[in-house]
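Okay, so here's the structure we're looking at.
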Amino acid sequence: MTERGARATGIESELDQVRVRCRKVDEYRAAGIEPYDGPVYSRDEAARLVAEFDTREGSAVRVAGRIRALRFHGKVAFADLWDESGRIQLLVGVDRVGEQAYHWWQTLDLGDIVMAQGKLVKTRRGEVSVEVENFRLLAKALRPLPDKWAGLREVELRYRYRYLDLLVNPDVRRTFVVRSQILQAIRDFLTARGYLEVETPILHPLAGGANARPFVTYHNALGMPLFLRVAPELYLKRLLVGGFEKVFEIGKNFRNEGIDTRHNPEFTSLEVYEAYGDAASMMRLTEEMVAFVARRTLGTEVISFQGQEIRLTPPWERMTMRQAVARVAGVPVEQLNTDEGLDELFGAHGLKSEKQGYGHRLVELFETLVEPHLVQPVFITEYPVEVSPLAKRMRDDPRFTDRFEPYVAGQEIGNGFSELNDPVDQRQRFEAQEEARRKGDEEAHRMDEDFIRALEYGMPPAGGLGIGIDRLVMLLTDSPSIRDVLLFPQLRPET
RNA sequence: GAGCCGGUAGCUCAGCAGGUAGAGCAGCGGACUUUUAAUCCGCGGGUCGAGGGUUCGAGUCCCUCUCGGCUCACCA
């Protein structure tokens, strides 16, 4: 098997195309040509040369990039060279480069990365081209690229070999450029308003701040288990205790859960905290930030997601969870205030409640009845205290917390609330979570004594906000699956 | 975890009712000094996801497994 592959590269392949390319590497080296040459410190952008032809006609230029098409015509040849900016045609004639160089040129394959310099000209057919005087091979491609026209369609291959996906599917590249711009816009928006970007630990002795099962790892020197964080929340609030008043963190969280079109085991969140703020101030921040980001990256606040037109212009609608359920179910809001009222609704919609307790059951009704209908941006407010162990209670109704979730296109894209800063109440909430854990809820919060101690020193009242960056990118790039906005989504190992 | 769909040449895809596996592009050889998915002539290339079964004979039918997609469940 090895015998049939190339000696120089050691790549074992039965594929004749690979064998041929490997053999060329050996031949290049035998002839004193380095097939992985470089660097090229100064070069012209392909697309720019094409755009600026009128002012640069006839001048000496140098380009570097990947050969994506080759057209041979006897003693003259054409090639499409692509760099990140775009495409330019190379014109290679034997009378200009000489017999020997032309021979080497003919050994190039699709996918090879080359440097070429020469004169900027227009061909007989009017195409801006580099009339090559000399060239260098910078990287021999040993494997054939996916077909230029059919592209790379098979989804599994696109995720597994994302570099090929990026190479042949232009929309994919665009999505990740926009993703980068979104992150930049968020940082610009927040830092311009005086928020400080911070980094808190990813390895936690206790995974807190969200209801989720963590990944476990182990620190050898400390001799202790550590958890990959499920949320940065509890560390960021310690910073409020420490006197920072406006902070944010953008980073990865890790949750040991299933994978589907909206969940990846590692995902990126933005969390923002503002001392002396509350849920209302964070809602204003959310709608302004999302609209700003859309404007900056897409040039508009009106976007299209899976065929639906969505207006991100503030202010967004605000609706309590009870109002939302009442409206969709067509019942008076008061009915949502009692267990009996909830029973009636479950019955009326042929649903069977799987959870116990008023708060959990209200949320259950909300998620099944209301969520899919929330197309235009809306803040759902007043979440039951049972599902909100870190949020401050409403002063006039302690069953609920001063919490909100922004919904756009039927998806929750974030979560925010007035932060609970009463250490005694916080301890009771953790105890309730521990109780739920004892009853089998593996995702309930753990008692975090160190966090409570921090609160006991006094944390200013504060508003907090979390945004699922991947969900936001999906929304702004019209991507139906989270895998479309992650460069390397989690997959099972290749078999 | 359940249901449905898919995995055939490097890529994109055909393959009927079970009868020795096909196309386009890519590749290899040849012709060609201005092409634009160049053209023309010739040629090679397959563990049909893996394993088992039925059959004289399986890409095709049956079973198991595997990878992926979608939906549901799970996921505040």
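Chain naming here is simple, since letters A, B, ... match the order of the sequence lines and numbering starts at 1 in each.
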Under 3.5 Å, is there a donor-acceptor pair between the side chain of [X] and the main chain of [Y]?
X	Y	answer
Glu434(A)	Met447(A)	yes
Asp278(A)	Ser418(A)	no
Asn421(A)	Met459(A)	yes
Arg327(A)	Val370(A)	no

Any [X] side-chain heavy atom under 4.5 Å of [Y] side chain:
X	Y	result
Lys140(A)	Asp109(A)	yes
Glu249(A)	Thr200(A)	yes
Val328(A)	His373(A)	yes
Phe430(A)	Arg446(A)	no
Met282(A)	Phe417(A)	no
Val132(A)	Leu91(A)	no

Option among Arg158(A), Arg153(A), Arg160(A), Arg173(A) that satisfies the side-chain hydrogen bond (donor to acceptor under 3.5 Å, both in side chains) test with Asp165(A):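 By the side-chain hydrogen bond (donor to acceptor under 3.5 Å, both in side chains) criterion, Asp165(A) pairs with just one of Arg158(A), Arg153(A), Arg160(A), Arg173(A): Arg158(A).
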Applying a 4.0 Å non-hydrogen cut-off, can you work out what [X] is touching in the nucleic acid: base, sugar-phosphate, or nothing?
X	result
Ser388(A)	nothing
Asp260(A)	base
Arg160(A)	sugar-phosphate

Given RNA chain B, 5'-ward residue of the pair Gly258(A) and Gln490(A), judged by closest heavy atom: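 Whichever sits nearer the 5' end wins; that is Gln490(A).
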Residue closer to the 5' end of RNA chain B, Val94(A) versus Leu157(A) (nearest nucleotide):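 By nearest-heavy-atom nucleotide position, the 5'-most residue is Leu157(A).
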Between [N] and [M], how many Å separate the two [atom1] atoms, rounded to a whole number?
N	M	atom1	result
C70(B)	G30(B)	P	47 Å
U60(B)	U54(B)	C1'	13 Å
U12(B)	U20(B)	C1'	26 Å
C62(B)	U55(B)	P	16 Å
G1(B)	A23(B)	P	42 Å
G68(B)	A26(B)	P	32 Å
G44(B)	G52(B)	P	32 Å
C16(B)	G3(B)	C1'	29 Å

Cationic N near anionic O, under 4.0 Å, Arg68(A) to Asp80(A):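 No salt bridge links Arg68(A) with Asp80(A).
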Could you give the [atom1]-to-[atom2] distance, from [X] to [N], as a whole number of Å?
X	N	atom1	atom2	value
Leu91(A)	U36(B)	CG	P	14 Å
Asp95(A)	U34(B)	CG	P	11 Å
Trp82(A)	A37(B)	CH2	P	12 Å
Ile88(A)	U36(B)	CD1	C1'	14 Å
Glu371(A)	A73(B)	CD	P	11 Å
Tyr161(A)	C11(B)	OH	P	9 Å
Arg19(A)	A9(B)	CZ	C1'	14 Å
Glu156(A)	C5(B)	CD	P	18 Å

Return the nucleotide paired to [N]: Watson-Crick means purine N1 to pyrimidine N3 with N6-O4 or O6-N4, wobble means G-U with N1-O2 and O6-N3, both under 3.5 Å.
N	value
C40(B)	G30(B)
A58(B)	none
G68(B)	C5(B)
C13(B)	G22(B)

Identify the pairs formed between an N or O of the protein and an N or O of nucleotides 22-32 of chain B at a distance under 3.5 Å, and give each distance.
from   : atom 1 : to        : atom 2 : distance (Å)
C25(B) : O2'    : Asp147(A) : OD1    : 2.5
C25(B) : O2     : Asp147(A) : OD1    : 3.1
A26(B) : O2'    : Gln17(A)  : OE1    : 3.4
A26(B) : N3     : Gln17(A)  : NE2    : 3.0
C32(B) : N3     : Gly74(A)  : N      : 3.1

[X] side chain N/O closer than 4.0 Å to the phosphate oxygens (OP1, OP2) of [N]?
X	N	value
Arg483(A)	C70(B)	yes
Arg153(A)	C13(B)	yes
Ser481(A)	G69(B)	no
Arg71(A)	U36(B)	no

Glu154(A) side chain, from C-beta outward: closest of U8(B), C11(B), G69(B):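 Closest nucleotide among those given: U8(B).
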Nucleotide of G6(B), U34(B), G69(B) approaching Phe78(A) most closely (side-chain heavy atoms):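 Nearest listed nucleotide: U34(B).
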Of residues 250-257 of chain A, the positions that come close to RNA chain B - non-hydrogen atoms, cut-off under 4.0 Å: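 The stretch gives Glu257(A) as the residues lying under 4.0 Å from the strand, ordered by number.
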